[in-house]
Amino acid sequence: FAPPRTARSHHATTTTTAPSSSLSRPAVTALAACSAPLHDASLAPGIAAIDAALPTLSPLLSELRSLPYFRLYSCDMLASCEYIPQDLFECYTESCEIYPVDDEDVPNDIKRADFDEHEFELDGWARWDMPSDDYYDTSQFPEDFTGYDGADVWRFIHDRIGFHDGAELKADEYDADDWKADFNKAVSGLHAMVSAQVVRLMGEKSAAEGGLDPDSYAWTDPTEEFARRLGPRGETPEAVENLYFTTMLLLSGVRAARDRLLMDCESGRVGDAGYCDVLKSILSHPLLDDPSIEAASLRLREHALNDSNNLWEARMRTRDLMRIMNCVQCNKCRFHGKISTLGLSTALQLTLGHRGGGGDVAKIHRVELAALVTALGKFSSGIDLCVEMQE
């Protein structure tokens, strides 16, 4: 579910020196994960911190996905698309389909928490599907390269859910001095993560099958697709920088939710002691306490506080971003798209709240916490792929 959006204007590259963090690092002018220069130099120290941390953090995030708390989601897979007319799509392969797990495989604590926390704010950041007896498992149905073409959905996301009004946004949709550009940048980062996952899984499937049949798959060359989707001369030259930007928002969200996650761990909601040790290793990782990763959330919060009366637009469009996932006709892609989008919306909720000053972590639901951490794992995997493609 990942063809990139149409090309955007490539605005001038900044050459200013990035501010230093408390951990002294050289200024970054280009990304390890892409040869494109940075547009927002303030992100440079955080990018360097992420690159240094992922070799130890990514394996922990991958291991965490085996915990029921982070892999089980009650999700409406039959909801209708409300945004664009669609013909019935027949998936290229059976890999598009997913099925609910057996009822006894879902811990009662998770069911109880999800049913108890079903209420939502009408004007909130997210509106997850109402819980039911149907739970789906990300470990049973992990991300996959199915060949599904989600171009219509991504086009609607960028053209209709993204912000484009005003001269500044038309000139620079990702780095204008406006929270709307920050929103666009975060959504572009989400798209970049999905594109990175598609390229990685395309390569894995091609290697396992001795090549991909062009009659079954529209895209068969991972190197070519990386250049098109994520390369500096591709359709979104800033895609990888935006991937890092959204990763920083998720890291800030996890840090804000740390005490709540630890509380769930101590209460037994997360799982046994072994599972909690993995979560605690993530929550105590030095990257979460590195001030440089706050660059994205500080930028977003500063812009939002200057225009807090209009943040309802961001909340409304984030809810739309959640609901447009019902237009994804590959069920496996829809499932993972919903989780990733909920993770991003949770990070935005914790960063901004209703007025730009930050959200109340006590109001975050179990499914939102799970999606937040799961999305961080997806983004770290996406950056890992981008770095590998440069080597």
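Both backbone and side-chain heavy atoms feed into the values below; hydrogens, waters and symmetry mates do not. Source: prediction; values computed, not measured.
Between Tyr73 and Phe335, the ring planes lie perpendicular to each other; the angle is over 60°, past the 30° to 60° tilted range.
Residues Leu350 and Ser252 are not in side-chain contact: their nearest non-hydrogen atoms beyond the backbone lie 4.5 Å or more apart. Put simply, the side chain of Glu82 does not reach to within 4.5 Å of the side chain of Asn326, judged on heavy atoms. By the 4.5 Å heavy-atom criterion applied to side chains, Val373 and Tyr69 are not counted as neighbours. Proximity of Thr341 to Lys338: side-chain heavy atoms (C-beta onward) are nowhere separated by under 4.5 Å. You'll find the side chain of Met389 reaches within 4.5 Å of the side chain of Leu385, heavy atoms only. Side-chain contact between Arg301 and Thr351: present, with at least one pair of heavy atoms (C-beta onward) separated by less than 4.5 Å.
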Test side chain to side chain contact (heavy atoms under 4.5 Å, CB included) on Arg334 and Gln329; report intermediate values, then the result.
CA-CA 7 Å; Arg334 176 188 292 205; Gln329 293 178 288; 5.6 Å; no

Let me see the working for Arg200 and Glu388 under salt bridge (Lys or Arg N to Asp or Glu O under 4.0 Å), right down to the final yes or no.
CA-CA 10 Å; Arg200 176 177 64 83; Glu388 289 170 12; over 6 Å; no

For Cys96 and Cys330, what are the C-alpha separation, side-chain angles and deciding distance, and is it a disulfide (SG to SG under 2.5 Å)?
CA-CA 5 Å; Cys96 287; Cys330 159; 3.7 Å; no

Can Arg319 and Asp123 be said to form a salt bridge (Lys or Arg N to Asp or Glu O under 4.0 Å), step by step?
CA-CA 9 Å; Arg319 296 193 301 270; Asp123 189 30; 3.7 Å; yes

Checking side chain to side chain contact (heavy atoms under 4.5 Å, CB included) for the pair Ser340/Val194: CA distance, chi angles, key distance, verdict?
CA-CA 9 Å; Ser340 300; Val194 174; 5.6 Å; no

Worked check of side chain to side chain donor-acceptor pair (under 3.5 Å) between His303 and Asp178:
CA-CA 6 Å; His303 287 151; Asp178 194 315; over 6 Å; no

Could you walk me through whether Leu190 and Leu321 satisfy the side chain to side chain contact (heavy atoms under 4.5 Å, CB included) test, starting with their C-alpha distance in whole Å, then the side-chain angles of each, then the deciding distance to 0.1 Å, before giving a yes or no?
CA-CA 11 Å; Leu190 175 70; Leu321 188 62; 4.3 Å; yes

Given the rule in the side chain to side chain contact (heavy atoms under 4.5 Å, CB included) test, do Glu241 and Cys34 qualify, once you have shown the distances and angles that lead to the verdict?
CA-CA 8 Å; Glu241 177 180 334; Cys34 181; over 6 Å; no

Take Ser132 and Asp134, measure what side chain to side chain donor-acceptor pair (under 3.5 Å) needs, and give me the verdict at the end.
CA-CA 5 Å; Ser132 70; Asp134 288 343; 4.6 Å; no

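The list of salt bridge (Lys or Arg N to Asp or Glu O under 4.0 Å) pairs with a residue in residues 344-373, not counting sequence neighbours, reads Asp114-Arg366. Legend: disulfide bond (SG atoms under 2.5 Å apart) pairs involving residues 266-310, not counting sequence neighbours, sorted by first then second residue: Cys265-Cys276.
Nearest heavy atom pair, residue Val106 against residue Leu72, reads CA-CD1, 4.2 Å. For Gly162 against Asn184, the heavy-atom pair with the smallest separation is CA-OD1, 3.4 Å. In terms of heavy-atom proximity, Val361 sits nearest to Ala257 at CG2-CA, 3.6 Å. Across all non-hydrogen atoms, the minimal contact from Asn331 to Met77 is O-CE, 3.1 Å. When all heavy atoms of Tyr244 and Ala33 are compared, the closest pair comes out as OH-CB, 3.6 Å. Of all heavy-atom pairs between Leu57 and Ile282, the closest is CD1-CG2, 4.1 Å.
Side chain of Thr246 to backbone of Asn242: a donor-acceptor contact under 3.5 angstrom is found. Checking side-chain atoms of Asp102 against main-chain N and O of Asp105 turns up no donor-acceptor pair under 3.5 Å. Using a distance-only test at 3.5 Å, with no hydrogens or angles considered, a donor-acceptor pair links the side chain of Ser345 to the main chain of Leu342. Under a 3.5 Å cut-off, the side chain of Ser58 and the backbone N or O of Leu54 do form a donor-acceptor pair. A side-chain donor-acceptor contact under 3.5 Å links Arg260 to the backbone of Ile364. Put simply, the side chain of Thr56 gets close to the backbone of Ala53: a donor and an acceptor are under 3.5 Å apart. Side chain of Tyr275 to backbone of Val270: no donor-acceptor contact under 3.5 angstrom is found.
A salt bridge links Asp109 with Arg112: at least one charged nitrogen is closer than 4.0 Å to a carboxylate oxygen. A salt bridge is absent between Glu224 and Arg228; no separation between the charged side-chain nitrogens and carboxylate oxygens falls under 4.0 Å. Salt bridge annotation for Arg71-Glu63: absent, with no cationic side-chain nitrogen under 4.0 angstrom from a carboxylate oxygen. With salt bridges taken as basic N to acidic carboxylate O contacts below 4.0 Å, none links Arg160 and Asp320. Ion pairing of Asp144 with Lys205 is present here, as a side-chain N (NZ or NE/NH1/NH2) and a carboxylate O approach within less than 4.0 Å. A salt bridge links Arg258 with Asp289; the closest basic N to acidic carboxylate O contact falls under 4.0 Å. The existence of a salt bridge linking Asp175 and Arg299 is confirmed by a sub-4.0 Å separation between a basic side-chain nitrogen and an acidic carboxylate oxygen. Ion pairing between a basic and an acidic side chain is recognised when a charged N comes within 4.0 Å of a carboxylate O; Lys185 and Glu173 show no such pairing.
Other residues, nucleotides and ligands contribute at most 12 non-hydrogen atoms within 6.0 Å of the CG atom of Asp259. Heavy atoms of other residues, nucleotides or ligands lying less than 6.0 angstrom from CG of Asn310 number more than 12. No more than 12 heavy atoms of other residues, nucleotides or ligands sit less than 6.0 Å from atom CG of Asp165.
Side-chain atoms of Thr346 and Gln349 include no donor-acceptor pair closer than 3.5 Å.
By the rule that hydrophobic residues join a cluster once side-chain heavy atoms approach within less than 4.5 Å of another member, Leu372 and Ile110 end up as members of separate clusters. Linking ILVMFWY side-chain heavy atoms closer than 4.5 Å, directly or via other members, places Val101 and Ile339 in two distinct hydrophobic clusters. Both Met248 and Leu287 are members of a single hydrophobic cluster when ILVMFWY side chains are connected at heavy-atom separations under 4.5 Å. In this structure, Met193 is a member of the same hydrophobic cluster as Leu376, with clusters built from ILVMFWY side-chain heavy atoms closer than 4.5 Å. Neither Phe120 nor Leu352 shares a network with the other; the hydrophobic side chains, linked directly or stepwise wherever heavy atoms of I, L, V, M, F, W or Y lie under 4.5 Å apart, form separate groups for each.
For the atom pair SG (Cys327) and CZ (Phe156), the distance works out to 7.5 Å, reported to the nearest 0.5 Å.
Just one residue in the list His336, Met202, Glu143 forms a side-chain contact (heavy atoms from CB on, under 4.5 Å) with Gln197, and that residue is Glu143.
Remark: Phe183 engages Phe163 in a ring pair (Phe, Tyr, Trp, His ring centres under 6.0 Å) (not counting sequence neighbours).
A cation-pi arrangement is absent between Arg317 and Trp312, since the terminal nitrogen or guanidinium carbon is not both under 6.0 Å from the aromatic centre and inside a 45° cone about the axis.
Taking the centre of each ring, Phe145 and Tyr217 come in below the 6.0 Å mark. Taking the six-membered ring for Trp, Trp128 and His365 have ring centres at least 6.0 Å apart.
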